[in-house]
Amino acid sequence: MPNIPEADNFIEEFIVEDLKNGKHNGRIHTRFPPEPNGYLHIGHAKAIVINFEIAKKYGGKTNLRMDDTNPTTEETHFVTNIENDIRWLGYEWEGDTLYASDYFATLYEYGLRLIDKGLAYVDDSTPDEIEAQKGDIGIPGTNSPYRDRSIEENRDLFTRMKDGEFPDGSKVLRAKIDMAHPNLLLRDPVLYRIKHEDHHRTGDQWCIYPLYDFAHGQSDSVEGITHSLCSLEFRHHRDLYNWLIEALEIFPSRQIEFARMNVDYLITSKRRLKKLVEEGIVSGWDDPRMGTLAGMRRRGYPSLAIRNFCMRTGVTKRENQQEFGFLEHCVREVLNESANRYMAVLNPVKLVITNYPEGQTETFVTDNNPEDESQGTRELPFSREIWVEREDFRKEPQNRKYFRLAPGKDVRLKSAYIIHVDGHEEDEDGNVTQINCTYYPNSRSGEDTSGVKAKGTIHWVSVDTAIDVEVRQYENLFTDPTPMDHEGKDFLEFINPNSLTVIEAKGEPALAKAEAGQTFQFLRKGYFTVDPDSTEEKMVFNSTVGLKSSWKG
RNA sequence: AGACCCAUGGUGUAAUUGGCAACACUGCAGAUUUUGGUUCUGUCAUUCUAGGUUCGAGUCCUAGUGGGUCUACCA
C-alpha cells in the first residue's frame, strides 16, 4: 500500500487506518444518496464535495444513488435536476445513476431473512399504538401484543402484505430488538409499511415500501460502499445500521457522521426552500437569491468557487456557521481571474466634455482582463457626451481623500482622457442633471504627456453607443443570518423586502454580444452574470457579488 | 429524565498525537495601483471553568458548565 495520502480530517484518518490495515483490499467506495424530492442546495454541495473528493484522493469511486423509497413525494424530474447539478459542480459518478428502488426485491428478501431468524415480525398495531409502545426518552417502552407471532405466521402475513391483501397502514414489518433500548431507534423500528401508491420507477409493482433504515444501509451493502458518509443527525441510526448488517450478515459498510454546513443567510431546509417557491417569495428554485445550486449557478457563482468553499470550510463533528463573506470571497477569488472587465454605468448621469468637438468620435483600446493577458483587448467608443456614475460626482468634495468628480478636480476616465470638472447643472430640487468638464487632449491613455496628476479613475460609457441593460441587484434574502434560529418566530418574518432591486443601466456596446451564464466584472462595481431572461432587445444581468471596497467616504 | 456527540480569536479550520497556539476569511493600519478592485506588509487568543498527572497540557485524567442530536408507517 504505497503512498497513502496524509489525512486532512477525521474521516480521512479512518480511511487511512482502514487502508493501512488492508481492509476491503484497499478499496474505497463512497456514495451520494439524495432523495429525489427537491433541489440540491449548498448543504448538499458540501456532502457531494466530501464524498467525491475523499474518494478521488484515496483512489476510490463514488456512486450516485437516489434514495427513492417513498413513492408519495418523489418525482423523476428531480432526478434529472440532481444529475445536472452534480455534473455542473464538477463531478462524475461511477457508472449509471443508481436507485434504492432497484433493490426492492432484495430488500423484500432481507425482510424474509429477518423473519426467518426470528428478528422481525408483522405488527397490526396502529401508528398511535406503535408510538405509545415506544415509551419515552429515559422511559422503557412496552412490547407489542403481536411481537411473538410465529415465524410461519410472520412469513405468511409479510407475503400477503406484499401481495396487496391489506390496506395502507394496517400492518407493518418491525425489527425485533429491544423495547427498553436506550436508543429509541432500536425499540423495534418499523422496517416496511404498506402504501398502495405508484412509484416513479417501479410503478404499481410494489405496495410495500421499506423505510430509510431498512433501505439506506442495505443499499450501501449491495453496492459495496466501504465508507458511508452522512451528517451528524444520523448518529443514532448507526446503531441500527450496524445491527442490521449483523442480523442480515451482509457486506459491512461503515457509517461515519460529519457536521453539516450552515451558511449565514442561506436556508438549507428543503421544506422551507419549497415554501419560498410556493409562496412566490422567490421566482423559483433557481432564483438567484436561493441557496440552491441552481440559484447560485444563475447568480453567477462559479462551481469552482463553491467547491473551494466546501473544501476550505473543513470536515469536523462540530456545529458550524459559515460566514457569508467567506463564500463571497471564494466567488470573487475565482471571478477575479476569469471575468473580463467591461464598463457599465448603473446609475447614470450625463457628463459633457465641452472642449471636445461636437460630432467627433474616437476609440480607445483597453485590456479585457488585467489578470489575464490572454484575454486580449477590445475597443471602446468615445465621444463628447458620456454617462458616468451619479455617485462619482459630488457638488463639493467631502474631504482631501475624495478622488472622484467634484468642482475643480482632475479625474481620469478609464482607458481614455483626464478631465477637469468645471461645473454642473441641476433641477429645481437640486438633483444634478449634467456635469460639465474639459479634457486634456494630451492625456490620452498610454501616451499621457500632460503632466496632470489624477488621483482617481472612473468608468464611463459613451452616450451615443451605450446600450440599455436591465440589472437585477440582490441583497440577502433574509435580514437575519440565521432566520430559523429564533424561537417562536417563523423564518418568513425575516424576509428582506429589499432583496431584489431592478434597475436600468447603461452598458458599453460590446455587452450586447454576451451569452447567458457569462460573467463580467463591471469595472469598479462588481461581478454581473447574464441571466437567461435576456433577449436580443434587452440584456439582463444578475449582480453576482460586489467588489470589495476600502473607501470610507 | 436517559443515551450519544461536541467545546481553540469575530467566523471556520490546524497544531508533527505531551514540547514556543498555525492558516484562511473578516476587522484595523500601511505600501503599490489608469478598478477606492487585485497584489504586498503589519496587526488582532489567558485554547469553556475548576482541580489533577507531568520538567512541560489545547492535547491525558476527574468534576462541572455550555451547545447539539434522538421518542415519523419522512429521508
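Below, read A as the first sequence line, B as the second, and so on, with proteins coming before strands; counting in each chain starts at 1.
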Per [X] side chain, nearest of listed nucleotides [options]:
{"X": "A:Leu523", "options": "B:A75, B:C28, B:U35", "result": "B:U35"}
{"X": "A:Asn70", "options": "B:C70, B:C74, B:U26", "result": "B:C74"}
{"X": "A:Arg193", "options": "B:A75, B:G36, B:U71", "result": "B:A75"}
{"X": "A:His329", "options": "B:U17, B:C25, B:G12", "result": "B:C25"}
{"X": "A:Tyr212", "options": "B:A75, B:A24, B:G36", "result": "B:A75"}
{"X": "A:Lys414", "options": "B:C73, B:U34, B:C5", "result": "B:U34"}
{"X": "A:Arg404", "options": "B:G36, B:A24, B:G12", "result": "B:G36"}
{"X": "A:Glu371", "options": "B:U38, B:G36, B:G2", "result": "B:U38"}
{"X": "A:Asp136", "options": "B:G37, B:U71, B:G36", "result": "B:U71"}
{"X": "A:Pro127", "options": "B:C73, B:A75, B:A29", "result": "B:C73"}

Within the structure shown, what part of the strands sits under 4.0 Å from [X] by heavy-atom distance: base, sugar-phosphate, or nothing?
{"X": "A:Asp67", "answer": "sugar-phosphate"}
{"X": "A:Glu13", "answer": "base"}
{"X": "A:Arg312", "answer": "nothing"}
{"X": "A:Arg332", "answer": "nothing"}
{"X": "A:Thr72", "answer": "nothing"}
{"X": "A:Leu185", "answer": "nothing"}
{"X": "A:Lys195", "answer": "sugar-phosphate"}
{"X": "A:Ser170", "answer": "nothing"}
{"X": "A:His236", "answer": "base"}
{"X": "A:Pro33", "answer": "nothing"}
{"X": "A:Tyr192", "answer": "nothing"}
{"X": "A:Gly141", "answer": "nothing"}
{"X": "A:Tyr209", "answer": "nothing"}
{"X": "A:Gln321", "answer": "sugar-phosphate"}

How close or far is atom [atom2] of [N] from atom [atom1] of [X], stated in whole angstroms?
{"X": "A:Ile419", "N": "B:U34", "atom1": "CD1", "atom2": "C1'", "answer": "13 Å"}
{"X": "A:Asp8", "N": "B:G12", "atom1": "CG", "atom2": "C1'", "answer": "15 Å"}
{"X": "A:Leu232", "N": "B:C4", "atom1": "CG", "atom2": "C1'", "answer": "10 Å"}
{"X": "A:Lys455", "N": "B:G37", "atom1": "NZ", "atom2": "P", "answer": "13 Å"}
{"X": "A:Gln322", "N": "B:U26", "atom1": "CD", "atom2": "C1'", "answer": "13 Å"}
{"X": "A:Phe78", "N": "B:C74", "atom1": "CZ", "atom2": "C1'", "answer": "15 Å"}
{"X": "A:His237", "N": "B:C70", "atom1": "NE2", "atom2": "P", "answer": "8 Å"}
{"X": "A:Arg260", "N": "B:C6", "atom1": "CZ", "atom2": "P", "answer": "18 Å"}

Completion exercise
Test side chain to side chain donor-acceptor pair (under 3.5 Å), reference A:Arg378, set A:Asn340, A:Asn368, A:Thr363, output is A:Asn368

Problem - Within 6.0 angstrom of A:Glu373 CD, more than 12 heavy atoms from elsewhere - result: no

Taking OP1 and OP2 of [N], is either one under 4.0 Å from a side-chain nitrogen or oxygen of [X]?
{"X": "A:Ser550", "N": "B:G37", "result": "yes"}
{"X": "A:Lys270", "N": "B:C74", "result": "no"}
{"X": "A:Thr69", "N": "B:A75", "result": "yes"}
{"X": "A:Ser445", "N": "B:U34", "result": "no"}
{"X": "A:Arg524", "N": "B:G36", "result": "yes"}

Handout entry: Aromatic ring proximity A:Phe10/A:Phe258, centre distance under 6.0 Å
Key = no

Problem - Between A:Gln133 and A:Ser125, a side-chain donor and acceptor under 3.5 Å - result: yes

Handout entry: Side-chain H-bond candidate by donor/acceptor type, A:Thr268 with A:Arg260, under 3.5 Å
Key = yes

Now, which nucleotide makes the Watson-Crick or G-U wobble pair with [N], with each of the two distances under 3.5 Å?
{"N": "B:G12", "result": "B:C23"}
{"N": "B:C28", "result": "B:G42"}
{"N": "B:C48", "result": "B:G64"}
{"N": "B:A3", "result": "B:U69"}

Handout entry: A:Leu266 side, atom CG; A:Gln322 side, atom CD - distance, nearest 0.5 Å
Key = 11.5 Å

Exercise for the section: Measure from NZ or CZ of A:Lys171 to the centre of the six-membered ring of A:Phe166, then state whether that distance is under 6.0 Å and the direction lies within 45° of the axis. Expected result: yes

Exercise for the section: Could you tell me whether B:U17 is syn or anti, where syn means a glycosidic angle within 90 degrees of zero? Expected result: syn

Practice task
Could you say whether A:Gly169 or A:Ser549 is positioned toward the 5' end of RNA chain B, judged by the nucleotide with the nearest heavy atom to each?
Solution key: A:Ser549

Problem - Residue whose closest nucleotide on RNA chain B lies nearer the 5' end, A:Val315 versus A:Ala454 - result: A:Val315

Problem - Face-to-face contact A:Phe326 to B:A24 six-ring, under 5.5 Å, under 30° - result: no

Handout entry: Any donor-acceptor N/O pair under 3.5 Å between B:G10 base and A:Glu323 side chain
Key = yes

Practice task
Go through the N and O atoms of the side chain of A:Arg341 and the base of B:U35, and report whether any donor-acceptor pair is under 3.5 Å.
Solution key: yes

Practice task
Can you see which heavy atom on A:Val79 is nearest to which on A:Met66, and at what distance?
Solution key: CG1-CE, 3.9 Å

Handout entry: A:Glu257 bridged to A:Arg238 by N-O distance under 4.0 Å
Key = yes

Exercise for the section: Using a strict cut-off of less than 4.0 Å between a Lys/Arg side-chain nitrogen and an Asp/Glu carboxylate oxygen, indicate whether A:Arg147 and A:Asp188 qualify as a salt bridge. Expected result: yes

